[in-house]
Amino acid sequence: MKRFDYARAADVAEALREGQGDGAAFIAGGTNLLDLMKLRVLTPDRLVDINRLALGGIERDGDGLRIGALVTNSDLAADETVRRDYPVLSRALLAGASGQLRNKATTGGNLLQRTRCYYFYDIAMPCNKRDPGSGCQARGGVTRLHAILGGSDKCIATHPSDMAVAMLALKAEVEVEGTDGARRRVPLDDFYVPPGDTPQVETVLGAGELITAVILPLPAGDRQIYAKVRDRASYAFALVSCAAVIGMDGDRIGHAALAFGGIAPRPWRNAEVDGLLTGQAPSDDLFRRAADLLLADAKGHGGNDFKIPLARRVLIDTLRKATRGDAA
Amino acid sequence: MRTELTINGATHALEADARTTLLDALRDHLGLTGSKKGCDHGQCGACTVIVNGRRINACLTLACMHDGDEIVTIEGLGTAEAPSEMQRAFVAHDGYQCGYCTPGQICSATAMLDEVAQGWPSHVSDDLTGEMDLSDAEISERMSGNLCRCAAYPNIVDAIRATARKEAAE
Ligand SMILES: Cc1cc2nc3c(=O)[nH]c(=O)nc-3n(C[C@H](O)[C@H](O)[C@H](O)COP(=O)(O)OP(=O)(O)OC[C@H]3O[C@@H](n4cnc5c(N)ncnc54)[C@H](O)[C@@H]3O)c2cc1C
Ligand code: FES
Ligand code: FES
C-alpha cells in the first residue's frame with residue numbers, strides 16, 4: 001500500500017471536514033477499499049475512518065425504513081422488519097460475499113464498491129476507469145464478467161453489488177450529506193451515472209460527500225424474489241441476477257418492479273419493462289415479451305454472449321415464481 | 001500510530017504504521033501467528049478472527065481501526081491442554097490435512113454457531129423468519145468464506161455438526 005495519513009472522525013461534521021481534498025477517502029468496512037489499495041488500484045493519501053460516526057441503526061421512516069450508512073450487511077439481512085417486509089433485500093445480501101465479509105461490509109460502502117473487471121484490478125493494464133484516457137482492454141479481451149447493456153466505447157465493466165439491485169427494485173433513496181452540511185435524498189435510480197466518456201465517474205456523489213442513510217419506502221409488492229446465477233453455488237459475484245417486487249391485483253399484476261445485476265455498469269432497470277407487465281395477467285407469452293424488451297439493445301462482447309439468453313431465462317423464471325407466489 | 005487492542009483478554013499497545021492490517025499486527029507485531037495469511041484479499045478466510053463477537057477477515061481491516069475492540073484469535077479459543085469444543089471436534093473428526101486453513105475454520109465456525117443461535121438466516125434457508133435448522137447444506141453455505149485447499153470439507157462439516165449438536169444438548 002502507498003503510505004497514507006489516518007484520521008478517525010468523531011462525527012459527521014468532522015468527517016466532512018477531514019474528507020476534503022483530492023487524496024482523501026472515507027473508510028467504512030474497508031473490504032473493498034483496502035483490497036484495491038493493496039493492489040495500488042486506489043492510492044489515497046488520507047483515510048478518514050467513519051466507523052465512529054452515529055450512522056448506524058435501522059429505524060421507521062414514515063411508512064418506510066431508514067437504514068444508517070454504517071449498518072452492516074449482516075445486521076441488515078438479519079433485521080426482523082427487513083426479513084418480513086423486504087425479503088428481497090435479505091435474500092440479495094445473503095447471496096453476496098461471505099459471512100465474514102458481510103459482518104464488516106456496510107450499506108454505504110456496498111453501494112459504492114467498485115467493479116470486479118479484471119483490467120480495472122490489474123495496474124499493468126490500461127483501464128479508462130482507473131486511469132482515464134488510457135484505453136480499455138476488456139473490449140477484445142476476457143469479458144465473462146462484463147456488461148451486455150448500458151456500456152460505452154470507453155467501458156463495459158459491471159457493477160458488482162447484489163444489495164443495490166434489491167434496493168433498486170424496492171425504489172430506495174440514498175441520503176447524502178454535502179460538504180456544506182445540507183442533506184438531500186437521491187432516488188437510487190438517479191444515483192448511478194452511465195459510463196459514457198467518463199467511466200471513472202460512477203455516481204452523482206460529489207467529492208467529499210458522505211452517504212448517511214438509505215431510505216426504503218413501504219414495499220409496493222409482497223411477492224419478492226432475488227435470483228442470482230454465478231459460477232459457484234456460494235461466494236461468487238453474479239453473472240446475472242434479478243430482483244423482483246411484484247404485487248398482484250386479483251389475477252393481474254398490479255405492481256411490477258424489476259432490477260438486474262451482473263449485466264450493466266450499474267444496477268439495471270428498465271421502466272418500460274415494469275410498465276409492460278403492470279395491469280396484465282401473468283403468462284409465459286407476457287414474460288417473453290418483457291425479456292424481448294429488456295434485452296432489445298443487449299450486446300455481447302464474446303465471453304459474455306451467454307448472458308443474453310441467461311438474463312432472458314432468469315427473468316422469465318423469476319416472473320413465473322413471483323406471480324405464482326413462491327416464497328422469497 | 002498507537003492503537004490499544006484487547007486480544008484474548010489481554011491489552012496490547014501497538015505502535016505501528018497506519019498501513020498495518022489487523023492480521024499483520026497479530027502475526028508480525030504481537031507474535032500471534034495462529035491466524036494465517038492465505039490470500040490477503042478477503043477470499044480465503046484463513047485470517048478469520050472474532051472482533052466484538054463477530055467473525056471477520058483480519059486481512060481486510062486496519063489494526064488502527066480497532067482501537068478499543070475486543071479481539072479473539074485461535075490462541076484465545078483454547079490451548080493444547082484445554083481445547084475448546086470446536087477444536088476438540090476438529091481433532092476427533094480429522095477436519096484438516098495440512099492444517100493451514102484450520103485456525104480460520106475454527107474461529108469462523110465458532111462465531112457462526114452464535115449467528116445461528118441468534119436466528120440469522122442464510123442463503124439456503126427456506127424460510128427467512130423460521131427456526132434455523134443447521135443442516136449440512138446450511139453449514140456449507142455459512143462456511144463458504146473459508147476455503148480448504150486440502151478439501152477436508154466433509155470432515156469439517158462433521159466437526160461443526162457434532163459441536164452444534166453437543167451445544168444444543170447442553
Ligand atoms: C472476496 C469478496 C467477495 C465478495 N462478494 C460479493 C458479492 O457476491 N456480492 C456483493 O454485492 N459484494 C461482494 N463483495 C463486495 C462487498 O460487498 C463490498 O466490499 C462491501 O460491501 C463494501 O463495503 P465496505 O463498508 O467494506 O466499503 P469500504 O471498502 O469501506 O468502502 C468502499 C467505498 O465506499 C466509500 N464509502 C464507504 N462508506 C461511505 C459513506 N458512508 N459515504 C461515502 N463514501 C463511502 C469508500 O470511500 C470507498 O470508496 C465481495 C468482496 C470480497 C472481498
Ligand atoms: S488471508 Fe484474509 S481472507 Fe485470505
Ligand atoms: S487443511 Fe490444508 S488447507 Fe485446509
Side-chain angles (χ1 to χ4, degrees), chain A residues 1-8 27-39 46-47 49-52 72 74-75 77-80 82-105 121 162 224 226 228 232-236 327-328, chain B residues 1 3 17-22 39-69 104 107-109 111-112 115-116 118-130 132 137 140-147:
Chain A
M1 274 187 258
K2 202 187 89 174
R3 191 176 283 278
F4 56 82
D5 293 329
Y6 169 85
R8 188 183 299 130
I27 184 160
T31 59
N32 189 228
L33 186 58
L34 291 173
D35 187 13
L36 293 167
M37 285 171 64
K38 287 182 182 189
L39 297 166
R46 187 163 40 171
L47 283 193
D49 184 349
I50 60 171
N51 285 290
R52 311 285 161 120
T72 64
S74 292
D75 283 326
D79 181 79
E80 283 183 20
V82 174
R83 281 196 263 171
R84 189 186 61 228
D85 299 337
Y86 305 89
V88 67
L89 179 55
S90 278
R91 286 292 180 195
L93 287 160
L94 294 172
S98 67
Q100 290 95 315
L101 287 161
R102 292 193 295 271
N103 279 341
K104 276 257 112 194
Y121 259 82
D162 291 295
Q224 302 183 10
Y226 189 73
K228 177 173 178 178
R232 290 189 295 269
S234 185
Y235 206 15
Chain B
M1 278 244 34
T3 309
D17 187 289
R19 291 173 289 185
T20 312
T21 62
L22 179 58
C39 64
D40 213 20
H41 286 279
Q43 299 173 355
C44 74
C47 64
T48 305
V49 298
I50 304 170
V51 175
N52 300 333
R54 297 213 170 163
R55 53 179 171 155
I56 68 164
N57 303 108
C59 70
L60 277 192
T61 193
L62 299 171
C64 58
M65 295 167 71
H66 293 282
D67 196 58
D69 284 352
C107 285
S108 185
M112 183 274 281
E115 295 171 2
V116 174
Q118 290 166 47
W120 288 13
S122 87
H123 172 64
V124 299
S125 307
D126 287 332
D127 181 356
L128 281 177
T129 52
M132 290 306 144
S140 298
E141 165 59 27
R142 289 171 191 266
M143 292 297 293
S144 74
N146 290 86
L147 307 193

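All chains are named by letter (A, B, ...) in the order of the sequence lines, taking the proteins before the strands, and each is independently numbered beginning at 1.
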Please classify the contact between [X] and chain B as side chain, backbone, both or neither, with a heavy-atom cut-off of under 4.5 Å.
| X | value |
| --- | --- |
| A:Ala7 | neither |
| A:Arg52 | side chain |
| A:Lys228 | neither |
| A:Leu47 | side chain |
| A:Ser234 | both |
| A:Arg83 | both |

Identify which of A:Arg84, A:Lys104, A:Met1, A:Arg3 forms the greatest number of heavy-atom pairs closer than 4.5 Å to chain B. A:Arg3
Can you tell me which of A:Asn32, A:Leu33, A:Leu93, A:Leu39 forms the most heavy-atom pairs within a distance under 4.5 Å of chain B? A:Leu39
Taking side chain as everything from C-beta outward and backbone as N, CA, C, O, which of these in [X] sits under 4.5 Å from a heavy atom of chain A? Side chain, backbone, both or neither.
| X | value |
| --- | --- |
| B:Asp17 | side chain |
| B:Thr21 | side chain |
| B:Met143 | neither |
| B:Thr48 | side chain |

[atom1]-[atom2] distance between [X] and [Y], expressed to the nearest 0.5 angstrom:
| X | Y | atom1 | atom2 | value |
| --- | --- | --- | --- | --- |
| A:Ser98 | B:Leu147 | OG | CG | 9.5 Å |
| B:Thr61 | A:Ile27 | OG1 | CD1 | 7.0 Å |
| A:Gln100 | B:Leu60 | CD | CG | 11.0 Å |
| A:Phe4 | B:Leu62 | CZ | CG | 5.0 Å |

Which atom pair, heavy atoms only, marks the closest approach of [X] to [Y]?
| X | Y | result |
| --- | --- | --- |
| A:Tyr6 | B:Cys64 | OH-O, 3.4 Å |
| A:Tyr235 | B:Gly145 | CE2-CA, 3.5 Å |
| B:Leu128 | A:Pro87 | CD1-CB, 3.6 Å |
| A:Leu101 | B:Gly42 | CD1-O, 3.6 Å |
| B:Asp67 | A:Arg8 | CB-NH2, 3.3 Å |

Are the side chains of [Y] and [X] in contact, using a 4.5 Å heavy-atom criterion?
| X | Y | result |
| --- | --- | --- |
| B:Met65 | A:Asn51 | yes |
| B:Val51 | A:Asn103 | no |
| A:Lys38 | B:Cys59 | yes |

Non-neighbouring partners of A:Asp85 that pass side-chain hydrogen bond (donor to acceptor under 3.5 Å, both in side chains), sequence neighbours left out: none
Which residues pass the side-chain hydrogen bond (donor to acceptor under 3.5 Å, both in side chains) test with A:Thr72, not counting sequence neighbours? A:Asp75
Select, from B:Glu141, B:His123, B:Arg19, the one with the greatest count of heavy-atom pairs under 4.5 Å involving chain A. B:Arg19
Please determine whether side-chain contact (heavy atoms from CB on, under 4.5 Å) holds for the pair A:Thr31 and B:Asn57, giving the CA-CA distance in whole Å, both sets of side-chain angles, and the decisive distance to 0.1 Å. CA-CA 9 Å; A:Thr31 59; B:Asn57 303 108; 5.9 Å; no
